[in-house]
Novice: 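Before I ask anything, here is the structure I am working with.
All chains are named by letter (A, B, ...) in the order of the sequence lines, taking the proteins before the strands, and each is independently numbered beginning at 1.
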Amino acid sequence: MIDLKLLQKDFDAISTKLMRKGVDAAFIENLKLKNEALKKAKSNFETLQALQNSMSKEFGMYKREGKDISELKQRVDANKIVINEALDIQRNLQEELENIAMAIPNIPDDNVPDGKDENDNVEIKKVLTPKEFSFTPKEHWELAEDNGWIDFERGVKLATSRFSVSFGMGAKLERALINFMLNFNSKRGFEEVSVPALVNRTALEGTGQLPKFEDDLYKMDGLDLFLIPTAEVPVTNLYQDEILSAEELPKKMTAYTSCFRKEAGAAGRDTRGMIRQHQFHKVELVALSKPEESEAIFDDMVSCASDILTALELPHRIVNLCTGDLGFSAAHTTDIEVWLPGQDQYREISSISNTRDFQARRAKIRYKDGKKNIMVHTLNGSSLAVGRTLVAIMENYQNEDGSIDIPEVLKPYLGM
RNA sequence: GGAGAAGUGGGUGAGCGGCUGAAACCACAUCCCUGCUAAGGAUGCGUAUGGGUAACUGUACCGAGAGUUCGAAUCUCUCCUUCUCCA
(Lines give C-alpha, C1' and ligand atoms only; values in the text may rest on other atoms or scores of the structure.)
Protein backbone atom coordinates (compact mmCIF):
# COMPACT_ATOMS: atom_id res chain seq x y z
CA MET A 1 0.00 0.00 0.00
CA ILE A 2 1.23 3.46 -0.74
CA ASP A 3 1.85 5.87 2.10
CA LEU A 4 -1.35 7.88 2.47
CA LYS A 5 0.32 10.50 4.61
CA LEU A 6 2.85 11.07 1.89
CA LEU A 7 0.07 11.29 -0.68
CA GLN A 8 -1.70 13.85 1.45
CA LYS A 9 1.42 15.90 1.98
CA ASP A 10 2.80 15.77 -1.52
CA PHE A 11 -0.21 15.02 -3.66
CA ASP A 12 0.99 16.44 -6.96
CA ALA A 13 4.34 14.67 -6.95
CA ILE A 14 2.92 11.31 -5.90
CA SER A 15 0.01 11.37 -8.30
CA THR A 16 2.29 12.33 -11.17
CA LYS A 17 4.47 9.34 -10.39
CA LEU A 18 1.49 7.01 -10.13
CA MET A 19 0.15 8.24 -13.45
CA ARG A 20 3.39 7.06 -15.07
CA LYS A 21 2.25 3.62 -14.09
CA GLY A 22 -1.11 4.16 -15.71
CA VAL A 23 -3.18 4.88 -12.62
CA ASP A 24 -6.17 7.06 -13.41
CA ALA A 25 -5.80 10.58 -12.01
CA ALA A 26 -9.40 10.66 -10.85
CA PHE A 27 -8.79 7.49 -8.90
CA ILE A 28 -5.94 9.07 -6.98
CA GLU A 29 -7.89 12.26 -6.43
CA ASN A 30 -10.72 10.19 -5.02
CA LEU A 31 -8.32 8.45 -2.66
CA LYS A 32 -7.13 11.76 -1.35
CA LEU A 33 -10.65 13.07 -0.81
CA LYS A 34 -11.74 9.88 0.91
CA ASN A 35 -8.73 10.04 3.15
CA GLU A 36 -9.54 13.58 4.19
CA ALA A 37 -13.18 12.74 4.76
CA LEU A 38 -12.24 9.75 6.84
CA LYS A 39 -9.98 11.82 9.03
CA LYS A 40 -12.81 14.24 9.71
CA ALA A 41 -15.25 11.43 10.39
CA LYS A 42 -12.83 9.74 12.75
CA SER A 43 -12.13 12.88 14.68
CA ASN A 44 -15.85 13.52 14.95
CA PHE A 45 -16.52 10.02 16.20
CA GLU A 46 -13.69 10.13 18.69
CA THR A 47 -14.88 13.37 20.21
CA LEU A 48 -18.31 11.86 20.74
CA GLN A 49 -16.80 8.69 22.12
CA ALA A 50 -14.67 10.67 24.56
CA LEU A 51 -17.80 12.37 25.80
CA GLN A 52 -19.54 9.05 26.15
CA ASN A 53 -16.63 7.60 28.08
CA SER A 54 -16.54 10.47 30.52
CA MET A 55 -20.29 10.29 31.06
CA SER A 56 -20.03 6.60 31.71
CA LYS A 57 -17.39 7.26 34.33
CA GLU A 58 -19.68 9.79 35.94
CA PHE A 59 -22.43 7.22 35.83
CA GLY A 60 -20.35 4.85 37.89
CA MET A 61 -19.60 7.57 40.43
CA TYR A 62 -23.26 8.55 40.71
CA LYS A 63 -24.21 4.98 41.41
CA ARG A 64 -21.58 4.55 44.04
CA GLU A 65 -22.67 7.75 45.74
CA GLY A 66 -26.30 6.77 45.39
CA LYS A 67 -27.21 9.85 43.34
CA ASP A 68 -30.11 10.03 40.92
CA ILE A 69 -29.01 8.87 37.48
CA SER A 70 -32.12 9.35 35.38
CA GLU A 71 -31.09 12.71 33.92
CA LEU A 72 -27.59 11.46 33.13
CA LYS A 73 -28.98 8.34 31.56
CA GLN A 74 -31.04 10.43 29.19
CA ARG A 75 -28.00 12.40 28.07
CA VAL A 76 -25.98 9.25 27.64
CA ASP A 77 -28.70 7.54 25.63
CA ALA A 78 -29.09 10.55 23.37
CA ASN A 79 -25.37 10.70 22.75
CA LYS A 80 -25.33 7.01 21.94
CA ILE A 81 -27.62 7.51 18.98
CA VAL A 82 -25.36 10.23 17.60
CA ILE A 83 -22.31 8.03 18.15
CA ASN A 84 -23.78 5.15 16.23
CA GLU A 85 -24.47 7.39 13.26
CA ALA A 86 -20.94 8.76 13.37
CA LEU A 87 -19.56 5.26 13.61
CA ASP A 88 -21.51 4.13 10.57
CA ILE A 89 -20.21 7.01 8.52
CA GLN A 90 -16.68 6.31 9.65
CA ARG A 91 -16.90 2.61 8.90
CA ASN A 92 -18.25 3.12 5.43
CA LEU A 93 -15.54 5.59 4.59
CA GLN A 94 -12.92 3.31 6.01
CA GLU A 95 -14.09 0.46 3.84
CA GLU A 96 -14.24 2.58 0.70
CA LEU A 97 -10.79 3.95 1.38
CA GLU A 98 -9.34 0.52 1.91
CA ASN A 99 -10.84 -0.75 -1.33
CA ILE A 100 -9.28 2.08 -3.27
CA ALA A 101 -5.95 2.11 -1.48
CA MET A 102 -5.40 -1.64 -1.78
CA ALA A 103 -5.94 -1.46 -5.53
CA ILE A 104 -3.31 1.21 -6.13
CA PRO A 105 0.08 -0.05 -7.27
CA ASN A 106 3.40 0.95 -5.86
CA ILE A 107 4.98 4.23 -6.86
CA PRO A 108 7.65 3.59 -9.48
CA ASP A 109 11.12 4.92 -8.78
CA ASP A 110 12.14 7.99 -10.73
CA ASN A 111 14.79 6.08 -12.66
CA VAL A 112 12.32 3.51 -13.98
CA PRO A 113 12.17 4.20 -17.72
CA ASP A 114 8.83 5.20 -19.21
CA GLY A 115 7.31 2.67 -21.53
CA LYS A 116 4.27 0.74 -22.63
CA ASP A 117 5.31 -2.90 -22.47
CA GLU A 118 8.27 -5.25 -22.45
CA ASN A 119 9.51 -3.81 -25.76
CA ASP A 120 10.38 -0.61 -23.93
CA ASN A 121 12.52 -2.29 -21.29
CA VAL A 122 16.11 -1.11 -21.21
CA GLU A 123 18.99 -3.52 -21.54
CA ILE A 124 21.69 -2.93 -18.96
CA LYS A 125 24.24 -5.51 -20.00
CA LYS A 126 24.82 -8.84 -21.66
CA VAL A 127 26.65 -11.66 -19.91
CA LEU A 128 28.37 -14.38 -21.98
CA THR A 129 28.10 -14.51 -25.76
CA PRO A 130 25.67 -16.96 -27.35
CA LYS A 131 27.54 -19.65 -29.14
CA GLU A 132 27.35 -20.17 -32.88
CA PHE A 133 25.69 -23.36 -33.97
CA SER A 134 26.85 -25.12 -37.10
CA PHE A 135 23.32 -26.39 -37.51
CA THR A 136 19.88 -24.95 -36.93
CA PRO A 137 19.23 -25.27 -33.21
CA LYS A 138 15.96 -26.89 -32.24
CA GLU A 139 13.39 -25.57 -29.85
CA HIS A 140 13.22 -27.13 -26.42
CA TRP A 141 9.94 -29.00 -26.83
CA GLU A 142 11.35 -30.94 -29.70
CA LEU A 143 14.55 -31.73 -27.83
CA ALA A 144 12.59 -32.58 -24.69
CA GLU A 145 10.41 -35.08 -26.51
CA ASP A 146 13.21 -36.55 -28.59
CA ASN A 147 15.26 -37.21 -25.47
CA GLY A 148 12.28 -38.47 -23.50
CA TRP A 149 12.81 -35.82 -20.83
CA ILE A 150 9.41 -34.20 -20.88
CA ASP A 151 6.00 -35.60 -21.77
CA PHE A 152 3.51 -32.89 -22.52
CA GLU A 153 0.57 -35.16 -23.45
CA ARG A 154 0.65 -37.09 -20.24
CA GLY A 155 0.67 -33.85 -18.25
CA VAL A 156 -2.54 -32.90 -19.99
CA LYS A 157 -3.96 -36.35 -19.31
CA LEU A 158 -3.32 -36.02 -15.60
CA ALA A 159 -4.50 -32.45 -15.24
CA THR A 160 -5.23 -30.16 -18.15
CA SER A 161 -3.34 -28.10 -20.71
CA ARG A 162 -0.17 -26.36 -19.54
CA PHE A 163 0.84 -29.25 -17.33
CA SER A 164 3.70 -31.58 -18.14
CA VAL A 165 5.59 -34.54 -16.76
CA SER A 166 9.36 -34.92 -16.55
CA PHE A 167 11.00 -38.29 -16.96
CA GLY A 168 14.46 -39.71 -16.41
CA MET A 169 17.23 -37.20 -16.99
CA GLY A 170 14.68 -34.42 -17.36
CA ALA A 171 13.36 -35.08 -13.88
CA LYS A 172 16.86 -35.56 -12.47
CA LEU A 173 18.02 -32.30 -13.98
CA GLU A 174 15.16 -30.44 -12.38
CA ARG A 175 16.10 -31.86 -9.01
CA ALA A 176 19.78 -31.12 -9.62
CA LEU A 177 18.99 -27.54 -10.57
CA ILE A 178 16.91 -27.02 -7.45
CA ASN A 179 19.68 -28.33 -5.22
CA PHE A 180 22.37 -26.46 -7.08
CA MET A 181 20.49 -23.18 -6.84
CA LEU A 182 19.61 -23.59 -3.16
CA ASN A 183 23.20 -24.40 -2.28
CA PHE A 184 24.43 -21.50 -4.36
CA ASN A 185 22.09 -19.09 -2.59
CA SER A 186 22.98 -20.49 0.83
CA LYS A 187 26.63 -19.76 0.14
CA ARG A 188 25.63 -16.22 -0.71
CA GLY A 189 24.09 -15.81 2.73
CA PHE A 190 20.45 -16.63 2.05
CA GLU A 191 18.93 -18.89 4.67
CA GLU A 192 17.02 -21.80 3.28
CA VAL A 193 13.35 -22.07 4.27
CA SER A 194 10.64 -24.52 3.38
CA VAL A 195 7.14 -23.09 3.38
CA PRO A 196 3.49 -24.07 2.77
CA ALA A 197 2.21 -24.13 -0.80
CA LEU A 198 -1.19 -22.94 0.40
CA VAL A 199 -1.67 -19.54 1.94
CA ASN A 200 -4.59 -17.51 3.23
CA ARG A 201 -6.03 -14.25 1.99
CA THR A 202 -4.13 -12.12 4.47
CA ALA A 203 -0.81 -13.35 3.16
CA LEU A 204 -1.78 -12.63 -0.44
CA GLU A 205 -2.99 -9.17 0.48
CA GLY A 206 0.30 -8.59 2.25
CA THR A 207 2.37 -9.13 -0.87
CA GLY A 208 -0.15 -7.50 -3.24
CA GLN A 209 -1.60 -10.41 -5.23
CA LEU A 210 -4.97 -9.71 -3.64
CA PRO A 211 -7.45 -8.10 -3.87
CA LYS A 212 -6.69 -7.20 -7.50
CA PHE A 213 -5.44 -10.40 -9.05
CA GLU A 214 -7.66 -13.12 -7.67
CA ASP A 215 -8.34 -14.40 -11.20
CA ASP A 216 -4.72 -15.48 -11.55
CA LEU A 217 -4.85 -17.65 -8.45
CA TYR A 218 -6.06 -21.17 -7.79
CA LYS A 219 -8.45 -21.06 -4.86
CA MET A 220 -9.38 -24.06 -2.75
CA ASP A 221 -13.04 -24.93 -3.03
CA GLY A 222 -14.92 -23.74 0.02
CA LEU A 223 -11.80 -22.56 1.83
CA ASP A 224 -10.12 -19.22 2.00
CA LEU A 225 -6.86 -20.76 0.88
CA PHE A 226 -4.96 -20.34 -2.35
CA LEU A 227 -2.11 -22.15 -4.07
CA ILE A 228 0.92 -19.89 -4.04
CA PRO A 229 1.84 -18.22 -7.34
CA THR A 230 5.37 -17.71 -6.03
CA ALA A 231 7.35 -18.41 -2.86
CA GLU A 232 7.53 -14.66 -2.43
CA VAL A 233 4.10 -14.84 -0.79
CA PRO A 234 4.75 -17.29 2.07
CA VAL A 235 8.36 -16.24 2.61
CA THR A 236 7.72 -12.50 2.78
CA ASN A 237 4.68 -13.04 5.00
CA LEU A 238 6.69 -15.11 7.44
CA TYR A 239 7.17 -11.92 9.39
CA GLN A 240 3.74 -10.44 8.77
CA ASP A 241 2.51 -8.27 11.67
CA GLU A 242 5.84 -8.46 13.47
CA ILE A 243 8.29 -5.90 14.74
CA LEU A 244 11.79 -7.11 14.09
CA SER A 245 14.83 -5.89 15.94
CA ALA A 246 17.37 -3.89 13.99
CA GLU A 247 20.02 -6.54 14.65
CA GLU A 248 18.16 -9.30 12.87
CA LEU A 249 18.09 -7.31 9.63
CA PRO A 250 18.70 -7.90 6.87
CA LYS A 251 16.83 -11.18 6.66
CA LYS A 252 17.92 -12.96 3.52
CA MET A 253 16.05 -16.13 2.65
CA THR A 254 15.82 -18.60 -0.18
CA ALA A 255 13.09 -21.13 -0.80
CA TYR A 256 12.22 -23.74 -3.34
CA THR A 257 8.51 -24.20 -4.06
CA SER A 258 6.16 -25.20 -6.77
CA CYS A 259 4.26 -22.22 -8.10
CA PHE A 260 0.73 -22.25 -9.42
CA ARG A 261 -0.74 -19.74 -11.81
CA LYS A 262 -3.94 -19.70 -13.80
CA GLU A 263 -2.27 -17.60 -16.50
CA ALA A 264 -5.66 -16.00 -17.00
CA GLY A 265 -4.52 -13.33 -19.42
CA ALA A 266 -2.05 -15.49 -21.31
CA ALA A 267 -4.30 -17.38 -23.70
CA GLY A 268 -2.40 -18.21 -26.85
CA ARG A 269 1.00 -17.22 -25.46
CA ASP A 270 3.69 -19.87 -25.22
CA THR A 271 1.16 -22.63 -25.61
CA ARG A 272 3.89 -25.04 -26.65
CA GLY A 273 6.55 -26.32 -24.36
CA MET A 274 7.21 -25.54 -20.77
CA ILE A 275 7.81 -21.80 -20.82
CA ARG A 276 4.41 -21.00 -19.41
CA GLN A 277 2.95 -23.74 -17.25
CA HIS A 278 0.22 -23.70 -14.62
CA GLN A 279 2.59 -25.42 -12.23
CA PHE A 280 6.30 -24.83 -12.22
CA HIS A 281 9.27 -25.05 -9.91
CA LYS A 282 11.09 -22.00 -8.75
CA VAL A 283 13.84 -21.14 -6.33
CA GLU A 284 13.16 -17.75 -4.84
CA LEU A 285 15.17 -15.13 -3.00
CA VAL A 286 13.45 -12.90 -0.47
CA ALA A 287 14.97 -10.21 1.71
CA LEU A 288 13.72 -7.90 4.42
CA SER A 289 15.98 -5.00 5.14
CA LYS A 290 16.36 -1.54 6.53
CA PRO A 291 15.43 1.07 3.93
CA GLU A 292 18.98 2.29 3.53
CA GLU A 293 20.25 -1.20 2.79
CA SER A 294 17.69 -2.34 0.28
CA GLU A 295 19.41 -1.16 -2.89
CA ALA A 296 22.66 -2.90 -2.01
CA ILE A 297 20.73 -6.10 -1.32
CA PHE A 298 18.86 -5.67 -4.56
CA ASP A 299 22.15 -5.57 -6.49
CA ASP A 300 23.31 -8.57 -4.53
CA MET A 301 20.22 -10.50 -5.54
CA VAL A 302 20.56 -9.62 -9.20
CA SER A 303 24.16 -10.73 -9.24
CA CYS A 304 23.28 -13.89 -7.36
CA ALA A 305 20.79 -14.90 -10.04
CA SER A 306 23.07 -13.81 -12.85
CA ASP A 307 25.99 -15.72 -11.36
CA ILE A 308 23.95 -18.91 -11.30
CA LEU A 309 23.39 -18.57 -15.03
CA THR A 310 27.05 -17.81 -15.54
CA ALA A 311 27.98 -20.91 -13.54
CA LEU A 312 25.67 -22.86 -15.82
CA GLU A 313 27.37 -21.13 -18.76
CA LEU A 314 24.10 -19.80 -20.04
CA PRO A 315 24.27 -16.49 -21.93
CA HIS A 316 21.86 -13.94 -20.58
CA ARG A 317 21.17 -10.27 -20.39
CA ILE A 318 20.02 -7.96 -17.65
CA VAL A 319 17.12 -5.68 -18.35
CA ASN A 320 15.56 -2.79 -16.49
CA LEU A 321 11.77 -2.93 -16.65
CA CYS A 322 9.87 0.10 -17.90
CA THR A 323 6.82 1.54 -16.14
CA GLY A 324 4.42 -0.39 -18.35
CA ASP A 325 5.98 -3.76 -17.58
CA LEU A 326 6.47 -3.15 -13.87
CA GLY A 327 4.46 -5.34 -11.52
CA PHE A 328 1.88 -4.11 -9.04
CA SER A 329 4.06 -4.15 -5.92
CA ALA A 330 7.42 -3.19 -7.36
CA ALA A 331 9.13 0.18 -7.12
CA HIS A 332 11.59 -1.08 -9.68
CA THR A 333 12.38 -4.42 -11.25
CA THR A 334 15.29 -5.96 -13.06
CA ASP A 335 14.69 -8.98 -15.25
CA ILE A 336 17.24 -11.50 -16.32
CA GLU A 337 16.62 -12.96 -19.73
CA VAL A 338 18.35 -16.11 -20.85
CA TRP A 339 19.37 -16.76 -24.42
CA LEU A 340 17.31 -19.43 -26.17
CA PRO A 341 18.99 -20.33 -29.47
CA GLY A 342 16.03 -22.43 -30.59
CA GLN A 343 13.74 -19.46 -30.24
CA ASP A 344 16.53 -17.11 -31.32
CA GLN A 345 15.70 -14.66 -28.55
CA TYR A 346 16.22 -13.78 -24.91
CA ARG A 347 13.44 -14.93 -22.58
CA GLU A 348 12.70 -13.96 -18.97
CA ILE A 349 14.13 -16.41 -16.46
CA SER A 350 14.29 -14.21 -13.38
CA SER A 351 12.61 -11.10 -12.10
CA ILE A 352 14.01 -9.21 -9.14
CA SER A 353 12.06 -6.44 -7.47
CA ASN A 354 12.48 -3.96 -4.70
CA THR A 355 9.02 -3.18 -3.35
CA ARG A 356 10.48 -0.77 -0.79
CA ASP A 357 7.91 -0.37 2.01
CA PHE A 358 4.88 -1.14 -0.18
CA GLN A 359 4.45 -4.74 0.94
CA ALA A 360 5.73 -4.00 4.43
CA ARG A 361 2.95 -1.50 4.95
CA ARG A 362 0.35 -4.03 3.80
CA ALA A 363 1.85 -6.91 5.74
CA LYS A 364 2.77 -4.74 8.75
CA ILE A 365 6.42 -5.76 8.84
CA ARG A 366 8.37 -3.25 10.87
CA TYR A 367 11.61 -3.05 12.75
CA LYS A 368 12.55 -1.15 15.85
CA ASP A 369 15.00 1.64 15.21
CA GLY A 370 15.75 2.98 18.66
CA LYS A 371 12.31 4.03 19.85
CA LYS A 372 10.53 4.23 16.54
CA ASN A 373 9.00 1.46 14.49
CA ILE A 374 9.88 1.71 10.83
CA MET A 375 8.58 -0.25 7.85
CA VAL A 376 11.18 -2.62 6.45
CA HIS A 377 11.90 -2.85 2.76
CA THR A 378 11.01 -6.13 1.10
CA LEU A 379 12.69 -7.58 -1.96
CA ASN A 380 12.09 -10.69 -3.96
CA GLY A 381 13.55 -12.36 -6.97
CA SER A 382 13.71 -15.67 -8.74
CA SER A 383 16.94 -17.53 -8.78
CA LEU A 384 15.76 -19.09 -10.92
CA ALA A 385 12.66 -20.44 -12.58
CA VAL A 386 13.64 -24.11 -12.77
CA GLY A 387 11.61 -25.11 -15.84
CA ARG A 388 12.91 -22.24 -17.88
CA THR A 389 16.45 -22.99 -16.80
CA LEU A 390 15.96 -26.53 -18.03
CA VAL A 391 14.66 -25.12 -21.31
CA ALA A 392 17.76 -22.96 -21.58
CA ILE A 393 20.05 -25.91 -20.88
CA MET A 394 18.32 -27.99 -23.53
CA GLU A 395 18.56 -25.33 -26.18
CA ASN A 396 22.08 -24.11 -25.38
CA TYR A 397 23.65 -27.50 -24.75
CA GLN A 398 22.12 -29.30 -27.73
CA ASN A 399 24.20 -31.17 -30.26
CA GLU A 400 23.55 -31.69 -33.93
CA ASP A 401 22.38 -35.27 -33.34
CA GLY A 402 19.72 -34.00 -30.92
CA SER A 403 21.54 -35.10 -27.77
CA ILE A 404 22.06 -32.67 -24.93
CA ASP A 405 25.23 -32.13 -22.90
CA ILE A 406 25.10 -31.69 -19.16
CA PRO A 407 26.50 -28.48 -17.61
CA GLU A 408 29.68 -29.21 -15.65
CA VAL A 409 28.46 -27.69 -12.38
CA LEU A 410 25.43 -29.98 -12.33
CA LYS A 411 27.33 -33.22 -12.78
CA PRO A 412 28.08 -33.70 -9.07
CA TYR A 413 24.35 -33.41 -8.43
CA LEU A 414 23.67 -36.16 -10.93
CA GLY A 415 26.25 -38.58 -9.62
CA MET A 416 28.37 -37.99 -12.72
C1' G B 1 -15.59 -36.86 13.65
C1' G B 2 -17.29 -36.48 19.35
C1' A B 3 -16.37 -34.42 24.56
C1' G B 4 -13.90 -31.02 27.58
C1' A B 5 -10.13 -26.94 28.85
C1' A B 6 -7.67 -22.70 27.43
C1' G B 7 -6.19 -18.20 24.40
C1' U B 8 -4.15 -11.21 28.46
C1' G B 9 1.78 -6.77 26.84
C1' G B 10 8.82 -9.65 24.63
C1' G B 11 8.04 -14.05 28.42
C1' U B 12 5.53 -16.12 32.98
C1' G B 13 0.98 -14.72 34.91
C1' A B 14 -3.06 -11.82 38.02
C1' G B 15 -7.70 -9.73 36.92
C1' C B 16 -13.85 -12.40 36.10
C1' G B 17 -18.90 -5.64 34.87
C1' G B 18 -16.74 0.90 36.36
C1' C B 19 -11.16 2.81 40.49
C1' U B 20 -7.57 -1.87 34.60
C1' G B 21 -4.19 -0.25 28.87
C1' A B 22 -4.15 -3.79 32.33
C1' A B 23 -0.97 -6.09 39.14
C1' A B 24 3.39 -8.87 40.10
C1' C B 25 7.68 -11.25 38.46
C1' C B 26 11.29 -12.05 34.52
C1' A B 27 13.59 -9.98 30.32
C1' C B 28 15.12 -5.26 28.22
C1' A B 29 16.95 0.17 28.35
C1' U B 30 19.04 4.41 30.92
C1' C B 31 20.98 6.23 35.41
C1' C B 32 22.95 5.54 40.46
C1' C B 33 25.58 2.70 44.04
C1' U B 34 29.17 -0.88 44.67
C1' G B 35 33.67 -2.70 43.30
C1' C B 36 35.19 -7.19 41.19
C1' U B 37 31.97 -10.26 37.62
C1' A B 38 27.90 -11.27 40.70
C1' A B 39 24.52 -8.45 43.33
C1' G B 40 21.60 -3.76 45.13
C1' G B 41 18.60 0.79 44.06
C1' A B 42 15.83 4.46 40.77
C1' U B 43 13.28 5.35 36.43
C1' G B 44 11.47 3.86 31.90
C1' C B 45 9.54 0.00 28.90
C1' G B 46 2.99 -2.58 24.02
C1' U B 47 0.67 -1.41 19.11
C1' A B 48 -2.10 1.68 15.73
C1' U B 49 -4.09 6.26 14.71
C1' G B 50 -5.59 11.74 15.51
C1' G B 51 -4.05 16.62 17.87
C1' G B 52 0.46 19.26 19.70
C1' U B 53 7.35 22.03 18.13
C1' A B 54 7.36 19.31 22.59
C1' A B 55 5.89 17.90 27.43
C1' C B 56 1.54 15.75 26.82
C1' U B 57 -3.11 14.18 25.19
C1' G B 58 -7.93 11.99 22.50
C1' U B 59 -9.50 7.19 20.39
C1' A B 60 -9.04 1.95 19.52
C1' C B 61 -6.87 -2.77 20.74
C1' C B 62 -6.60 -8.33 26.47
C1' G B 63 -7.13 -14.73 19.71
C1' A B 64 -10.96 -12.63 15.56
C1' G B 65 -15.88 -10.90 14.67
C1' A B 66 -20.76 -9.72 16.43
C1' G B 67 -24.04 -8.77 20.66
C1' U B 68 -25.92 -7.30 25.87
C1' U B 69 -24.91 -2.71 28.94
C1' C B 70 -24.65 4.15 30.44
C1' G B 71 -19.98 1.21 30.87
C1' A B 72 -16.85 -5.28 28.88
C1' A B 73 -10.29 -8.22 29.31
C1' U B 74 -14.47 -9.59 32.48
C1' C B 75 -21.41 -11.60 30.43
C1' U B 76 -23.71 -13.98 25.55
C1' C B 77 -23.15 -15.91 20.46
C1' U B 78 -20.18 -17.33 16.09
C1' C B 79 -15.47 -18.40 14.22
C1' C B 80 -10.13 -19.48 14.60
C1' U B 81 -6.04 -21.64 17.19
C1' U B 82 -3.76 -24.69 21.01
C1' C B 83 -3.98 -28.63 24.68
C1' U B 84 -6.32 -33.13 26.95
C1' C B 85 -9.60 -37.28 26.52
C1' C B 86 -12.73 -40.51 23.31
C1' A B 87 -13.83 -42.96 18.49
Novice: Which dot-bracket notation, 5' to 3', represents the base pairing of RNA chain B when pairs are defined as Watson-Crick or G-U with both distances under 3.5 Å, crossing pairs as [ ], and inter-strand pairs as |?
Specialist: ((((((((.[[[..)..(.....]]].(((((.......))))).((((((....)))))).[[[[[..)....]]]]]))))))).
Novice: Using a 4.0 Å heavy-atom cut-off, does A/K40 contact any base of the nucleic acid, only the sugar-phosphate backbone, or nothing at all?
Specialist: nothing
Novice: Please list all pairs meeting ring pair (Phe, Tyr, Trp, His ring centres under 6.0 Å) that have one or both residues in residues 357-395 of chain A, counting only residues at least two apart or in different chains.
Specialist: A/F328-A/F358
Novice: Taking atom P in both B/U59 and B/A42, what distance in whole Å separates the two?
Specialist: 32 Å
Novice: So, is A/R366 close to the B/U47 phosphate, meaning a side-chain N or O under 4.0 Å from OP1 or OP2?
Specialist: no
Novice: Quick one: which residue pairs count as a ring pair (Phe, Tyr, Trp, His ring centres under 6.0 Å) with a foot in residues 296-317 of chain A, not counting sequence neighbours?
Specialist: A/F298-A/H332
Novice: NA contact type, A/K73, heavy-atom cut-off 4.0 Å: base, sugar-phosphate, or nothing?
Specialist: sugar-phosphate
Novice: Give a yes or no on this: more than 12 heavy atoms of other residues, nucleotides or ligands lie within 6.0 Å of atom NZ of A/K368.
Specialist: yes
Novice: Looking for any heavy atom pair under 4.0 Å, which part of the strands does A/E58 touch: base, sugar-phosphate only, or nothing?
Specialist: nothing
Novice: Between A/R361 and A/D3, does any NZ, NE, NH1 or NH2 come within less than 4.0 Å of an OD or OE carboxylate oxygen?
Specialist: yes
Novice: Across nucleotides 51-66 of chain B, 5' to 3', mark each nucleotide with B, S or - according to how protein heavy atoms within less than 4.0 Å reach it.
Specialist: S------BSS------
Novice: Output the rounded distance in Å from CG (A/L97) to P (B/G50).
Specialist: 12 Å
Novice: Does the pair A/D110/A/K17 count as a salt bridge with the N-to-O cut at 4.0 Å?
Specialist: yes
Novice: Quick one: do A/E408 and A/K411 make a salt bridge, cutoff under 4.0 Å?
Specialist: yes
Novice: Write out a two-atom table: protein N or O, nucleotide N or O from nucleotides 79-82 of chain B, distance below 3.5 Å.
Specialist:
none

Novice: Salt bridge between A/E337 and A/R347, side-chain N to carboxylate O under 4.0 Å?
Specialist: no
Novice: Nearest whole angstrom, please: distance from the P of B/G67 to the NZ of A/K80.
Specialist: 11 Å
Novice: Expressed in angstrom and rounded to an integer, what is the separation of A/L93 atom CG from B/G50 atom C1'?
Specialist: 15 Å
Novice: Within the structure shown, what part of the strands sits under 4.0 Å from A/N79 by heavy-atom distance: base, sugar-phosphate, or nothing?
Specialist: nothing
Novice: Pick base, sugar-phosphate or nothing for A/I243, based on heavy-atom distances below 4.0 Å to the nucleic acid.
Specialist: sugar-phosphate
Novice: Between A/D300 and A/K252, does at least one N-O distance fall below 4.0 Å, as a salt bridge requires?
Specialist: yes
Novice: Partners of A/D88 by side-chain contact (heavy atoms from CB on, under 4.5 Å), sequence neighbours excluded?
Specialist: none
Novice: In whole Å, I'd like the distance from the CG atom of A/L244 to the P atom of B/U47.
Specialist: 14 Å
Novice: Measure from NZ on A/K372 to P on B/G46 and round the result to the nearest Å.
Specialist: 17 Å
Novice: Tell me whether A/R75 is salt-bridged to A/E71, with the criterion being a basic N under 4.0 Å from an acidic carboxylate O.
Specialist: yes
Novice: Determine, for A/D241 against A/K364, whether the closest basic-nitrogen to carboxylate-oxygen distance falls under 4.0 angstrom.
Specialist: no
Novice: Would you say a side-chain N or O of A/K5 is under 4.0 Å from OP1 or OP2 of B/G50?
Specialist: yes
Novice: Just checking, any donor-acceptor pair under 3.5 angstrom between side chains of A/S166 and A/E174?
Specialist: yes
